[in-house]
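Report on the following structure.
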Amino acid sequence: MTENTQTEHPAAADDVTFGDFDVHPDIVAALADAGIVHPFPIQAMTLPVALSGHDIIGQAKTGTGKTLGFGVPVLNRVIAPGDPGYADLPAPGAPQALIVAPTRELAVQVAGDVETAAKRRGIRVVTLYGGRAYEPQIDALKTGVEVVVGTPGRLLDLAGQKHLNLGYARTVVLDEADEMLDLGFLPDVERLLALTPAGRQTMLFSATMPGAVVTLARRYMTQPTHIRAMHEDGDNQHTVKAIEQFFYRAHAMDKVEMLARILQARDRGRTIIFSRTKRTAAKVVDELTERGFNAAALHGDLGQGAREHSMNAFRKGTVDILVATDVAARGIDVDNVTHVINYQCPEDEKTYLHRVGRTGRAGNTGIAVTFIDWDDMPRWGLINKALDLGVPEPEETYSSSEHLYQQLNIPTDVTGRVGAPRRPTSPREKGAQLRIGVRRAVTSAASARSGRDRSAVVVVLARAPAAARRRPTGHDRPGGGPGGGGRCRGRAPGADPALAGGGAGGS
DNA sequence: AAAAAAG
């Protein structure tokens, strides 16, 4: 009945370290190896409660360290091979913890982050997901593992084949919990939970946690403590940090051209382009490739090999543009994603928040651009209202608009068609194609941005608190330091996190 | 209504 709710910000002072908590020294050391010393607010708030074995509903904004928020306590409860009590376990080698994620790529990423923290403890982590051969996964289970990370289908599959024994998984985590408890996933998740022990510790994490989901979640939990690390002075409680958000009316005929222009933005790092359908994602990646951009696709029509190839190329930097469906909307954490472009308007406000949350991570700034065509107006209206964005209407803008150039810091000498379409003769040549003939402009980013028309909403939120700034591991983990890209305007370094810029309405 | 998740 009673649900404890913690909403306060912990005193996240710079001198708080993982070593201050009751965490195994080998885990503290492994984190330190990865340059992770100071816990983020969600981690500091969660640790004591999780270590005491309580159920947790953990909510924190995108890019603020949720993965280690559950990863560290999960590992800390594991009895590792070589530990005194290991031989006395009822089933040594059977998974002691289960972490479930909604997409394969996220499962892989989370497993990697957990492995980083597990390294010095000799804890074995296996990732179980579809689209890949069974044998290696089954072999790992036969050898014995302590932590399983996976997606629902393959987990149930392997459990059904008796290769996976979840009967001793006394810690269970649902990452992106609101998604996992959504209609599409709920039946599978229920089946999975039914295979785990009754007295298990259950932890749910997400940046979005609607009240209805919390209510539903209680059915699978025991007196959960609701921990929300959402508050930063004056912020809107939705997005974190400095994400500048732009909304443009875009006409179907002009969308590709607008996109190609936005990709000319100065200081553009990695960019994720979202579409609502697999077909559109495929179309956009073709258009961009034809124009000489280095783009890769990520969606469910691709084989798992191709999906992971795209993901790896994007992480490595071989390609700097990822064109994806909402398969990439949640959790995916890649450094230096400076731009998120919603080529198609997201379906709802949750998807919007998760998509734009691929940028502006780790105290870095980010730019999010959303195209809204006529059909999107109802969707847009709901998002605008739900998030209280305060934008009366998306701005009317074309690929040739000065607004576009100025607001998005696109060199003004980009004229005519961007990226002459031309069929490359070979894949090799494709890669070697020039990236558009844009003259290097001397104007600095700062001056180009000053004096621009600000009729689109500009939401500039605070960076993570000082204590939280360091290079962490894990999705939803801020990385980088205070190294501020100069877009977090309006507040002095070290000032209280605060809403630094507000939206100004167009007409 | 789409995408995701087993094959």
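By convention in this document, chain letters (A, B, ...) are assigned in the order of the sequence lines, proteins followed by strands, and residues within each chain are numbered from 1.
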- Pairs touching residues 180-212 of chain A that satisfy ring pair (Phe, Tyr, Trp, His ring centres under 6.0 Å), sequence neighbours left out: Phe70(A)-Phe205(A)

- Scan nucleotides 2-7 of chain B nucleotide by nucleotide, 5' to 3', and note B when protein non-hydrogen atoms come under 4.0 Å of the base, S if they reach only the sugar-phosphate, - if neither. SSBBBS

- Item | Which residues share a side chain to side chain contact (heavy atoms under 4.5 Å, CB included) with Asn165(A), sequence neighbours left out |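 Applying side chain to side chain contact (heavy atoms under 4.5 Å, CB included) to Asn165(A) gives Ala94(A), Tyr168(A).
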
- Task: Keeping to residues at least two apart or across chains, list the salt bridge (Lys or Arg N to Asp or Glu O under 4.0 Å) pairs with something in residues 343-356 of chain A.
- Result: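 Listed by first then second residue: Asp178(A)-Lys350(A), Arg276(A)-Glu347(A), Asp326(A)-Arg355(A), Glu347(A)-Arg379(A).
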
- Item | Where at least one partner belongs to residues 145-170 of chain A, residue pairs that pass salt bridge (Lys or Arg N to Asp or Glu O under 4.0 Å), sequence neighbours excluded | Arg124(A)-Glu146(A)

- Could I get the full list of side chain to side chain donor-acceptor pair (under 3.5 Å) partners for Glu308(A), not counting sequence neighbours? Tyr129(A), Arg132(A), Gln304(A)

